[in-house]
Amino acid sequence: MSNDILPKASYWGIPDSLTQLDGFWLISTAVDPATTFRSNFNARDDDVILASMLKTGTTWLKALAHSILKKGESGDPLTKDNPHNLVPTLEFEALSSANTKFDIYDASGPRLLHTHLPYSILPGSVKNSACKIVYIARNPKDTLISMWHFYNAIVVMGGQEPVSLDEAVDGFCSGVHPFGPFSDHAAEYWLESRRWPEKVLFLKYEEMKSDPKREVSRIAEFMGRPLTKEGEAEELLWRCSLERLKNLEVNSTGHDVGPMPNAAFFRKGQVGDYKNYLTSQMEERIHQTVGLKLEALGIFF
Ligand code: PAP
């Protein structure tokens with residue numbers, strides 16, 4: 001199928017930057033890698049696929065899962081590479097300077113990969129093998145504010161005026177934003193995690209913040225690498241903390257993912273930051289268009 005016939009939309013003034021595939025708005029440059037991944041990827045039983053919408057805690061989850069997988073080995077890869085280099089995002093392979101690091105189709109196992117693709121677009125082999133999926137969700141209002149900051153940084157770097165919060169709320173509520181609609185994205189993984197809990201682990205950013213030790217232990221257990229040693233969870237959490245990662249030279253000066261400096265992936269990491277930005281009308285709109293769907297499914301934030 002040619003991507004030319006798929007519906008296109010502009011996002012924040014950039015014409016045709018989104019393309020609709022099977023009901024979801026993908027970043028247009030991600031469509032070819034995504035369809036290649038869907039057709040050609042043969043999942044193995046020991047693969048771990050991390051999955052998320054944008055700005056819901058991907059960087060944190062990548063750092064934690066990579067550290068869990070490599071625990072017991074000497075050295076700390078996080079001091080040399082941004083988490084996005086260590087765990088490639090499948091549909092952004094073409095954007096990353098790290099895409100020569102390993103061949104996602106051919107690397108020796110266990111492979112640790114990430115995708116922003118919705119569950120329905122994942123390759124059949126991912127759904128039908130015993131490989132594991134770890135999804136991280138975040139409350140829609142903080143996700144939107146995080147996206148607004150991140151995309152405005154890109155827009156401003158491109159010499160354009162920043163996008164207003166009104167416009168960002170419009171895009172978010174209509175579902176026309178990268179990997180949107182938000183509620184459908186979370187709903188698909190949520191339903192799979194209920195149906196098949198040993199296959200799909202559904203995490204929430206807010207729970208990772210409020211009880212990090214419990215959540216990191218769940219992730220490790222789910223990945224088949226339980227934390228058995230005294231102090232292991234605390235060590236992992238320190239290693240992957242926002243404060244530490246943000247201040248590592250590789251992240252404060254590096255530039256590995258598309259046009260963005262690595263520093264842009266580390267901001268405040270606060271639950272409820274939306275209260276500093278959204279009006280009550282905006283909050284109500286998000287609740288009506290996105291929040292109610294999540295509530296109906298039992299996904300509370
Ligand atoms: P991405 O989709 O571009 O990869 P992602 O990592 O999912 O972004 O989300 C970025 C958010 O996670 C930022 O939230 P904020 O804008 O509300 O501050 C970022 O600060 C936060 N974040 C990044 N690394 C960590 C970490 N190690 N611990 C907790 N939060 C983190």
Side-chain angles (χ1 to χ4, degrees), residues 11 26-27 30 50-68 76-79 81-93 95-96 98 113-118 134-154 165 168 172 177-180 182 185-186 189 203-213 215-216 219 233-248 250-252 254-278 301:
Y11 185 60
L26 269 52
I27 295 172
L50 310 179
S52 57
M53 162 59 67
L54 290 176
K55 314 318 291 180
T56 57
T58 316
T59 313
W60 193 13
L61 180 61
K62 283 183 176 187
L64 285 169
H66 190 270
S67 303
I68 289 169
D76 179 4
L78 290 169
T79 59
D81 273 305
N82 174 271
H84 293 281
N85 267 0
L86 296 171
V87 186
T89 292
L90 296 153
E91 62 280 3
F92 290 162
E93 273 293 273
L95 291 180
S96 171
L113 303 165
H114 167 261
T115 186
H116 287 301
L117 294 176
V134 183
Y135 184 79
I136 184 160
R138 187 179 192 186
N139 83 70
K141 294 177 221 165
D142 280 336
T143 305
L144 165 64
I145 293 302
S146 187
M147 258 187 208
W148 182 57
H149 283 284
F150 188 78
Y151 275 100
N152 263 343
I154 298 183
L165 191 51
F172 194 75
H177 60 84
F179 304 98
F182 180 93
H185 199 283
Y189 283 97
L203 303 168
K204 293 180 186 171
Y205 185 86
E206 293 71 22
E207 290 176 353
M208 303 255 300
K209 292 286 285 193
S210 63
D211 197 343
K213 203 173 154 192
E215 294 303 293
V216 76
I219 301 170
E234 289 85 349
E235 213 273 330
L236 271 170
L237 288 165
W238 164 78
R239 210 179 262 252
C240 301
S241 65
L242 178 59
E243 296 66 33
R244 175 173 186 260
L245 293 182
K246 191 185 221 168
N247 291 311
L248 289 173
V250 63
N251 296 320
S252 55
H255 206 285
D256 294 298
V257 187
M260 293 305 283
N262 294 346
F265 292 90
F266 308 93
R267 203 179 61 92
K268 282 192 194 168
Q270 264 174 19
V271 174
D273 188 36
Y274 71 85
K275 292 180 190 141
N276 297 318
Y277 299 94
L278 297 175
F301 289 98

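Whatever order the structure lists them in is the order used to number ligands and atoms, beginning at 1.
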Next on the checklist: So, 4.0 Å and heavy atoms of A63: is ligand 1 close enough to count as a contact?
Outcome noted: no

Item to check | Residue and atom name of the nearest protein heavy atom (relative to atom 6 (O) of ligand 1), distance in Å to one decimal | outcome: T59 OG1, 2.5 Å

Checklist outcome for this item: Ranked by distance from atom 4 (O) of ligand 1, the top protein heavy atom is H84 CE1, 3.1 Å

Checklist outcome for this item: of all protein heavy atoms, closest to atom 13 (C) of ligand 1 is S146 OG, 3.6 Å

Checklist entry - Ring centres of W148 and F172 under 6.0 Å apart? => result no

Item to check | Test log, rule side-chain contact (heavy atoms from CB on, under 4.5 Å), inputs L245 and L78 | outcome: CA-CA 8 Å; L245 293 182; L78 290 169; 4.1 Å; yes

Checklist entry - Cut-off 3.5 Å, side chains only: do T143 and T56 have a donor facing an acceptor? => result no

Checklist entry - Among protein heavy atoms, which lies nearest atom 1 (P) of ligand 1, and at what distance? => result K55 NZ, 3.6 Å

Next on the checklist: Between K62 and T89, is there a side-chain donor-acceptor contact under 3.5 Å, judged purely by atom types and distance?
Outcome noted: yes

Item to check | Heavy atom of the protein closest to atom 25 (C) of ligand 1 (residue, atom name, distance) | outcome: L242 CD1, 3.6 Å

Next on the checklist: With a cutoff of 4.0 Å, is H116 in contact with ligand 1, counting heavy atoms of the residue only?
Outcome noted: yes

Checklist entry - Is any N or O atom of R267, backbone or side chain, closer than 3.5 Å to an N or O atom of ligand 1? => result yes

Next on the checklist: Evaluate H185 against Y135 for side-chain contact (heavy atoms from CB on, under 4.5 Å), listing each step before the verdict.
Outcome noted: CA-CA 10 Å; H185 199 283; Y135 184 79; 2.8 Å; yes

Item to check | Under-4.0 Å heavy-atom contact with ligand 1, by part of S241 that carries it | outcome: backbone

Next on the checklist: If you define the side chain from C-beta out and look only at heavy atoms, does anything of E234 sit under 4.5 Å from K213?
Outcome noted: yes

Checklist outcome for this item: With heavy atoms and a 4.0 Å threshold, my read on which part of K209 contacts ligand 1 is neither

Checklist entry - Are the side chains of L50 and V87 in touch, meaning some heavy atoms are under 4.5 Å apart? => result yes

Next on the checklist: Do L113 and P88 have side chains that approach each other closer than 4.5 Å (heavy atoms only, starting at C-beta)?
Outcome noted: yes

Checklist entry - Applying a 4.0 Å heavy-atom criterion (strictly less than), which segment of C240 is in contact with ligand 1: side chain, backbone, both, or neither? => result backbone

Checklist outcome for this item: Within the 4.0 Å heavy-atom cut-off, what M147 brings close to ligand 1 is neither

Checklist entry - Shortest non-hydrogen contact from K268 to L242? => result O-CD2, 3.4 Å

Next on the checklist: When you measure from the heavy atoms of D142 to every atom of ligand 1, does any distance fall below 4.0 Å?
Outcome noted: no

Item to check | Carboxylate-amine/guanidinium contact R244 D76, below 4.0 Å | outcome: yes

Checklist entry - Is M208 touching ligand 1 with its side chain, its backbone, both, or neither, if touching means heavy atoms under 4.0 Å apart? => result neither

Item to check | Non-hydrogen side-chain atoms of D273 and R267 separated by less than 4.5 Å | outcome: yes

Next on the checklist: Within ligand 1, which atoms have a heavy atom of G57 less than 4.0 Å away?
Outcome noted: 5 (P), 6 (O), 7 (O), 9 (O)

Checklist outcome for this item: Closest to atom 17 (O) of ligand 1 (heavy atoms only, candidates Q270, H149, R138, K268) is R138

Checklist outcome for this item: Out of F265, W60, Y205, F266, the nearest non-hydrogen contact to atom 30 (N) of ligand 1 is supplied by Y205

Next on the checklist: When you compare ligand 1 with G269, is there at least one nitrogen or oxygen pair between them that comes in under 3.5 angstrom?
Outcome noted: yes

